[in-house]
Amino acid sequence: MRHAFEIDATPHEVWLGRESGEYILHLDNERLPVSLSLDDQGHGSLRIDGETVPITLARRGDDCFIHLDGSTWQLRYRDPLERASALAHGSATSTAWHARGRCSSATASRPCSIPARPSSSCRRSPPNMAYDGRCAGRRHRSPASASSRAARSSSTPTMRA
Amino acid sequence: MARLYVERYIENPRHIEVQVLGDDTGQVVHLFERECSVQRRFQKIVEESPSPALDAATRDRICSVAAGIARRAGYRNAGTVEFIFGQGEFYFLEMNTRLQVEHPVTEQITGIDLVREQLRIAAGEPLGYTQDDVRVSGHAIEYRIYAEDPARGYTPTTGPVLSLRVPGGEGIRVDLGIVQGQDISAAFDPMLAKLIVSGRDRQQALERADAALAQFVLLGCRTNIDFLRRLSRHPVFVAGDIHTGFLDAHPEVAADVSPSPATLRRLLGAAALQTRPLRDAAEAIPALHAAIGGWRN
């Protein structure tokens, strides 16, 4: 699966694969062997395409803060499903959301799944609900962060319903 | 009869100020000048001493005038006499009767601890030295590290200090007001630290500043460190041809900079590896679904 990171609102797609026991970063037409070695303070080195550079890294949710080459950068991880749904359909409306016959709404701290009839109103407001058009109309997702979604993925099967 | 007040217009003025010390005995000395022309939103962000704009004769004149003002007022404390400087002339602006943010550059070039002198003066001790004893050695520049976004009008920023590492070495001084793990909030002034570099001359100070700013790591909250580095490398700044409207005249200094292709590859490689557990979890099949096998509802 291709993933994307935003730098100053510009998305950059990457794919990280494994080959012969090492990670390969796929960028457009490039394939670059890459490895990262950090201490518990986030200081260390990055080796990419045979070149090693010092690096400091910290993460907070979907935000990745990197000090590299004498400058500081902030990268935001963009969830591939959210990106795909946004590209396919733009912002979903509540009509589309209700028309699917089932909604699930979640916050980072409180996941839930609520059955809903097409004509009924949902008791929990689903702000900015996104619709994943690639899933044959069976999945609706809230725009919760990828980190919170990942944290829930193994314990909240209703999110995958 | 109408009365009219006319004030001379100074185009592209510099802000130059003179540090003074006065004691109980009436003795006043100056500790030379500071150039504080690089400002944003009428607030200084880089200060240096000596000023690259003054020749020896003008320096002697402006410093003598400042000391004379303090002497005439019977001033007793550390203070700063501020001037507008342009077209070879200087004009009195105001006097700040306190220690100022930019005082470390004066301490670096004179070797005089201004806080210590304030305490001695308050205790009634005489200065114990004369104007001839005050010497200048080398060049010092102070960079104010702010939690702000220069590309968006220098708007204050907030966030946690996830990682903090300050530069060190010869000619490097950091006055710091934060610790790792602290939250930068909007409740306080956004100034986080001061980086003061000194060298035998301005060029060496600038070289040390460039290295120190590159080594200054503060992650989690957007700061002006990269902006300060671009400013410090700007050819007009390097030439010392600055004025209070410098940043308005050179908006490219504050603009966002895109990473070079090589840096972009490194950033994406590091981010992809660092967020791998996150992505692996996002892509993982939940245990319950794995147990079901290929069946789905």
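All chains are named by letter (A, B, ...) in the order of the sequence lines, taking the proteins before the strands, and each is independently numbered beginning at 1.
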query: Should the heavy atoms of other residues, nucleotides or ligands under 6.0 Å from CD of B:E170 be counted, would the total exceed 12?
result: no
When B:L268, B:L213, B:T223 are compared by non-hydrogen pairs under 4.5 Å with chain A, the top option: B:L268
query: Does the pair A:D8/B:R222 count as a salt bridge with the N-to-O cut at 4.0 Å?
result: yes
- prompt: At what distance, to the nearest 0.5 angstrom, does CD of B:Q274 lie from CD1 of A:I66?
  reply: 8.0 Å
- request: Specify which of A:A58, A:C64, A:G42, A:S71 makes the most heavy-atom pairs with chain B at under 4.5 Å.
  value: A:S71
query: Side chain, backbone, both or neither: which part of B:I225 has a non-hydrogen atom closer than 4.5 Å to chain A?
result: neither
message: If you count every heavy atom of other residues, nucleotides or ligands that lies below 6.0 Å from A:D28 atom CG, does the total exceed 12?
response: no
field: A:L36 versus chain B, the contacting section by heavy-atom distance below 4.5 Å
entry: both
- line: Turns out that what part of B:R229 lies under 4.5 Å from chain A's heavy atoms comes down to side chain
task: Assess whether atom CD of B:Q203 is packed by more than 12 heavy atoms of other residues, nucleotides or ligands within 6.0 Å.
output: no
- prompt: In Å and rounded to the nearest 0.5 Å, what is the OG1 to CG distance from B:T275 to A:L75?
  reply: 9.0 Å
field: Toward chain B, the part of A:L57 with a non-hydrogen atom under 4.5 Å
entry: both
- line: Pair count under 4.5 Å, heavy atoms only, with chain B: among A:E30, A:Q41, A:H43, A:E51, highest is A:H43
message: Ignoring hydrogens, what is the shortest heavy-atom contact between B:A270 and A:I55? Give both atom names and the distance.
response: CB-CD1, 3.5 Å
query: Any side-chain heavy atom of B:D226 sitting closer than 4.5 Å to one from A:W73?
result: no
- line: One option among B:S258, B:G269, B:A211 has the most heavy-atom pairs under 4.5 Å with chain A, and it is B:G269
message: Counting only non-hydrogen atoms closer than 4.5 Å, does A:T10 touch chain B with its backbone (N, CA, C, O), its side chain (CB onward), both, or neither?
response: neither
- prompt: So what's closer than 4.5 Å to chain B heavy atoms on A:I48: side chain, backbone, both or neither?
  reply: side chain
- line: Scored by heavy-atom pairs under 4.5 Å with chain A, the best of B:A151, B:S163, B:G220 is B:G220
query: If you draw a 6.0 Å radius around CZ in B:R152, do more than 12 non-hydrogen atoms from other residues or ligands fall strictly inside?
result: yes
query: Side chain of A:H67, backbone of B:A214: donor and acceptor closer than 3.5 Å?
result: yes
statement: Pair count under 4.5 Å, heavy atoms only, with chain B: among A:D49, A:T72, A:I7, A:L38, highest is A:T72
- request: Identify the two heavy atoms, one from B:A272 and one from A:L16, that lie closest to each other, and give their separation to 0.1 Å.
  value: O-CD2, 3.8 Å
- line: Ranking B:T263, B:L267, B:L162, B:V217 by heavy-atom pairs under 4.5 Å to chain A gives rank one to B:L267
query: Say you draw a straight line from CZ of A:R60 to CG of B:L219; how long is it, rounded to the nearest 0.5 Å?
result: 13.0 Å
query: If you round to the nearest 0.5 Å, how far is CG of A:L46 from CZ of B:R265?
result: 12.0 Å
- line: Heavy-atom nearest pair, B:R266 first then A:V53, reads CZ-CG1, 3.6 Å
